[in-house]
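Just so it is clear, the values below take in all heavy atoms, side chains as well, and ignore hydrogens, waters and symmetry mates. Atoms within a ligand are numbered from 1 in the order they appear, just like the ligands themselves.
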Amino acid sequence: MKKIIRNGTIVTATDTFKADILIEEDKISTIGLNLEDADAEVIDASGNYIFPGGVDPHTHLDMPFGGTVTKDDFESGTIAAAFGGTTTIIDFCLTNKGEPLQKSIEKWHKKSNNKAVIDYSFHLMIGEITDDVLKELPRVIEKEGITSFKVFMAYKNVFQADDATLYRTLLAAKEYGALVMVHAENGDVVDYLINEALAEGKTEPIYHALTRPPEVEGEATGRAATLTDLANSQLYVVHVTCAEAVEKITEARNNGVDIWGETCPQYLVLDQTMLEKPNFEGAKYVWSPPLREKWNQDVLWNALKNGNLQTLGSDQCSFDFKGQKELGRGDFSKIPNGGPTIEDRVTILFSEGVKKGRITLNQFVDITSTRSAKLFGLYPQKGTIAVGSDADLVIFDPNINRTLSSETHHMAVDYNAFEGMEVTGEPVSVLVRGEFVIKEKQYVGNAGSGQYLKRKKYGEKDFRLTSRVK
Ligand code: URP
Ligand code: ZN
Ligand code: ZN
């Protein structure tokens, strides 16, 4: 059925204007004033903004990690994402050394197919480069539409790759048209610091932060930037947390390196003191890289404002406090790393960013949606409000005040990382390809309605919209 969204204020990465939107099937077919169509369902968006659906470039759903598996899977995770105004995610497909990449990709299709309620795609982890891996990459790009590869510079003996693997991945990405992503921490030094702390009997969650100091993030970021320059390739640094890393990215950008940086809501509003919470509660705030001293928050906000960081990923990687985070009682290095953030990503940026005057409304849309769609080969199908784009739309009430809490959130996990935080703004209704997933704050979607997205190559400048797929 056709739909007309009336009386809302449309916001894109560049413009803010009042207009109606006509949706036919899965696409936006007209944007204009006083649109009429006798066959259309009319949705009144008076007093609300209409944003392009959020594009979350960094999630881990149904992922084995730290001796357990993330609590949110592709169903609960994408429902929560939709409640939070996100209509597309790009999840990390893990691979195992010595196994065909295709085997891992199929595993990830199995996890997500028939479960996701919003659209999704995959990044692919590269743990080592062998002749077999190199042979598979063109197929991964052409047939699977996976055009971004992730290299971990940390998590020694688990995911960590060596510098030669990173360099060869950068070369391959340049040749085939992909974007390389790095988790930038010096894993060897972190491993040494962890063992030293444990040997001294330092087992509490705060030592997670103290054994991953900002210098190891800055060093790895700088090293990755240098290798990118040497390979004349392209790099996206995930979850940037601190001044040391922002400085390296900024310096490289100023020197002409094709490098991009992402931060996450937790690093913008939480700080290292959270890990000192009593009764092991600090474990809820264990991320890698860790939460930093509070002054880094201003550095990150300024970097988003001035364009030295460009995107906001949730890094959703949720574990229950009970039974999962608790695996690390008595040894902080066994606390599963990560937290529940997929649902509150967009609202936190709106509330703390736009409402507090740190970024503009259009920057907010760029950071939460448009830029990720562009960098990861989804634009303009995703990430904007334009005739011919997918009708992925968020009707957002900018004035409502509410409190973030596990009592009201939709993630499957037993705590909220932002518990008690007062925010302004809430998605009221969310459409994916023209269908409501959230309607008047109620879930009305269907597991499995989310579609897998094959993405364009990095830097591909073909922004023609495809005709409607029947
Ligand atoms: O602590 C984190 N960030 N967990 C998720 C895995 C990763 O490193 O992105
Ligand atoms: Zn990471
Ligand atoms: Zn992550």
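- Every residue two or more places apart in sequence or in another chain that forms a side-chain contact (heavy atoms from CB on, under 4.5 Å) with Ala220 is listed here: Met153, Ala184, Arg223.
- Contact annotation: for Tyr155 versus ligand 1, heavy atoms closer than 4.0 Å belong to the side chain alone.
- A salt bridge does not link Lys457 to Glu460: none of the charged nitrogens lies less than 4.0 Å from a carboxylate oxygen.
- Near Trp287, with a cut-off below 4.0 Å to any heavy atom, the atoms of ligand 1 are 1 (O).
- Because its NZ or CZ atom is not both nearer than 6.0 Å to the ring centre of Phe319 and within 45° of the ring axis, Lys325 does not count as a cation-pi partner of that residue.
- For atom 1 (O) of ligand 1, the candidate residues are Cys317, Ser288, Gly339; the nearest heavy-atom contact is made by Ser288.
- With hydrogens and angles ignored, the 3.5 Å screen pairs no side-chain donor or acceptor of Asp390 with any backbone N or O of Asp392.
- Residue His60 counts as close to the Zn ion (ligand 3), with an N, O or S atom under 2.8 Å.
- Applying the side-chain hydrogen bond (donor to acceptor under 3.5 Å, both in side chains) test to every pair with at least one member in residues 127-140, sequence neighbours left out, gives these pairs: Gln102-Arg139.
- Around the Zn ion (ligand 2), the protein N, O or S atoms found under 2.8 Å comprise His183 ND1, His239 NE2.
- Residue-ligand proximity, His183 to ligand 1, at heavy-atom distances under 4.0 Å covers atoms 8 (O).
- Residues passing the side-chain contact (heavy atoms from CB on, under 4.5 Å) test with Asn308, sequence neighbours excluded: Thr250, Arg253, Ala303, Asn306.
- In summary, the atoms of ligand 1 found under 4.0 Å from a heavy atom of His60, numbered by their order in the structure, are 5 (C), 6 (C), 7 (C), 9 (O).
- Look at Met63 and you'll find every heavy atom at least 4.0 Å from all atoms of ligand 1.
- Geometrically, Lys284 engages Phe321 in a cation-pi contact defined by less than 6.0 Å to the ring centre and at most 45° from the axis.
- Between Asn416 and Ser405 there is no side-chain heavy-atom pair separated by less than 4.5 Å.
- Residue Asn337 touches ligand 1 through backbone and side chain together, judged by heavy-atom distances below 4.0 Å.
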**Request:** Before giving the answer on side chain to side chain contact (heavy atoms under 4.5 Å, CB included), spell out for Glu343 and His410 the whole-Å C-alpha distance, their side-chain angles and the decisive distance to 0.1 Å.
**Result:** CA-CA 8 Å; Glu343 187 162 350; His410 303 87; 2.7 Å; yes
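- What sits closest to atom 3 (N) of ligand 1 on the protein, heavy atoms only, is Asp315 OD2, 2.7 Å.
- For Tyr155 and His183, the distance between ring centers is under 6.0 angstrom.
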